There are 2 protein chains.
Amino acid sequence: MTSETRSRKRDAAATRAAILASAREVFARSGYDGAGLREIAAGAGVTAMLVRRYFGGKEQLFAEAIAAANSAPIIATEGVLKDEHPGAAIAQALVQITEPGAKPLDGFLILLNSASSVRAAQIGRDVIECAPQKTVAAMLEGENVEQRAALILSLVAGFQMMRQAIGLSALADSDPKVLENLLTPLFERLVKEV
Amino acid sequence: MTSETRSRKRDAAATRAAILASAREVFARSGYDGAGLREIAAGAGVTAMLVRRYFGGKEQLFAEAIAAANSAPIIATEGVLKDEHPGAAIAQALVQITEPGAKPLDGFLILLNSASSVRAAQIGRDVIECAPQKTVAAMLEGENVEQRAALILSLVAGFQMMRQAIGLSALADSDPKVLENLLTPLFERLVKEV
DNA sequence: CGGACAAGTCTACGATCGTAGAGTTATAAA
DNA sequence: TTTATAACTCTACGATCGTAGACTTGTCCG
């Protein structure tokens, strides 16, 4: 349903990519257990059996989908931490990314909605531990960089969850500037630290 | 499986309570979609059909379970905000409650694991909006109390998610004191504000 | 002691899930 | 144009889901 589900000549690579894109969408919307292979396949304009043929099974498809979704990280960390005022930069980026109308990031939604599946949660842990946390931690200085990186991610994830997934009105309907001003000193503190 | 699934005489009230307790457990572990009526019933030592008989259906059972689980709030807010150093008190309570060995709070887990279900998420929003946020907001002073209350909950929820649900090692394996010291100024800022 | 009514179970339905292998069709080289 | 092969679909299995009404059994009052 993403772009061109219609009229795709028998092109294995393109079909595979279309299935993966559809999987990202459906996994993000319904989580690992809630997503059906038939629904994913329909989104790519094929049948469920082709999915199995290309990816081997649901687990492998999920692993590839979550890896792909995570290539666009939970929060765009490039540069934002090197900013002159990193706290403000993170706050602004976070508020902007999660604005009520915007589409939530697949990577986060897949993790959130798949939390109930033991297998999916395990994959999720590996993904978070490897990619975003290491990235953030590498850019910090001082003591307890790993803990501070994890807390930055906690705040980012918690804010996303409350604002987008739950739709908490105090966050969804508020002036972005107010939220930015409240978040900035928190991130500032975590980035710079004593 | 909680306590006494064996040898309970034909007592409607006790059976109903046992089913509700089992439902809390299973919903917390597997989420709305992942939980099966048969599994819930087995945990209470009855059959699935009795669940339907007492609660009418899965949705009603879920609504009652989430309401019951939320009577023990996501974070114990009583008193903690009136502490002399509320930021430190919240941080300490949060770190203590989420210590790796401890059992996560049902209320939070049910919400987290049921996020993929549209219907369940709607119930979750109402629960969060009504109970914890209003409680926290009522105890704050100054400007933007609702936004600040929502951000406190965001940080609490994000920390719980990363530490317990995901099991992020930087949070799960770290010295509690370090985490407390990092969290304290964040909560302090949100509680007191400018 | 014995019936009445609540408490609880049995069997089964239709739907949907992931998976499976055999079958069909379009494409590209000869 | 013929043909080989990759691309793709069809039909179906076994399991599990929520739901449903008929059935059985334990408990308490008279």
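Not measured: the values here are computed from a predicted model. Each chain gets a letter, A, B and so on, in the order the sequences are listed, and its residues count up from 1. We use all heavy atoms of the structure for the numbers below, so side chains are in, but hydrogens, waters and symmetry mates are not.
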Query - B:Pro100 to B:Ala172 - nearest heavy-atom pair and separation - result: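 So the minimum-distance heavy-atom pair works out to CG-O, 2.9 Å.
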Query - Qualifying residue, where the test is side chain to side chain contact (heavy atoms under 4.5 Å, CB included) with A:Ser154 and the options are B:Met161, B:Arg163, B:Met162, B:Gln160 - result: B:Met162
Query - Where protein sits on nucleotides 17-30 of chain D, one letter per nucleotide: B base, S sugar-phosphate only, - none, heavy atoms under 4.0 Å - result: BBBBB---BSS---
Query raised in the report: Would you say a side-chain N or O of A:Thr15 is under 4.0 Å from OP1 or OP2 of D:dA7?
Result: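 No, because none of the side-chain N or O atoms of A:Thr15 sits under 4.0 Å from OP1 or OP2 of D:dA7.
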Query raised in the report: What is the ring orientation for A:Phe27 with A:Phe62, classed by angle as parallel under 30°, tilted 30 to 60°, or perpendicular over 60°?
Result: perpendicular
Requested in this report: Please round to the nearest 0.5 Å and tell me the distance separating atom CG of A:Asn181 and atom CG of A:Asp175.
Outcome: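 Result: 8.5 Å between the selected atoms.
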Query raised in the report: Are B:Glu188 and A:Arg189 ion-paired here, with the side-chain N under 4.0 Å from a carboxylate O?
Result: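 Salt bridge flag = no for A:Arg189 with B:Glu188.
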Report task. Please report, rounded to the nearest Å, how far the P atom of D:dT9 is from the CD1 atom of A:Ile19. Result ->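 Taking CD1 of A:Ile19 and P of D:dT9, I get 9 Å after rounding.
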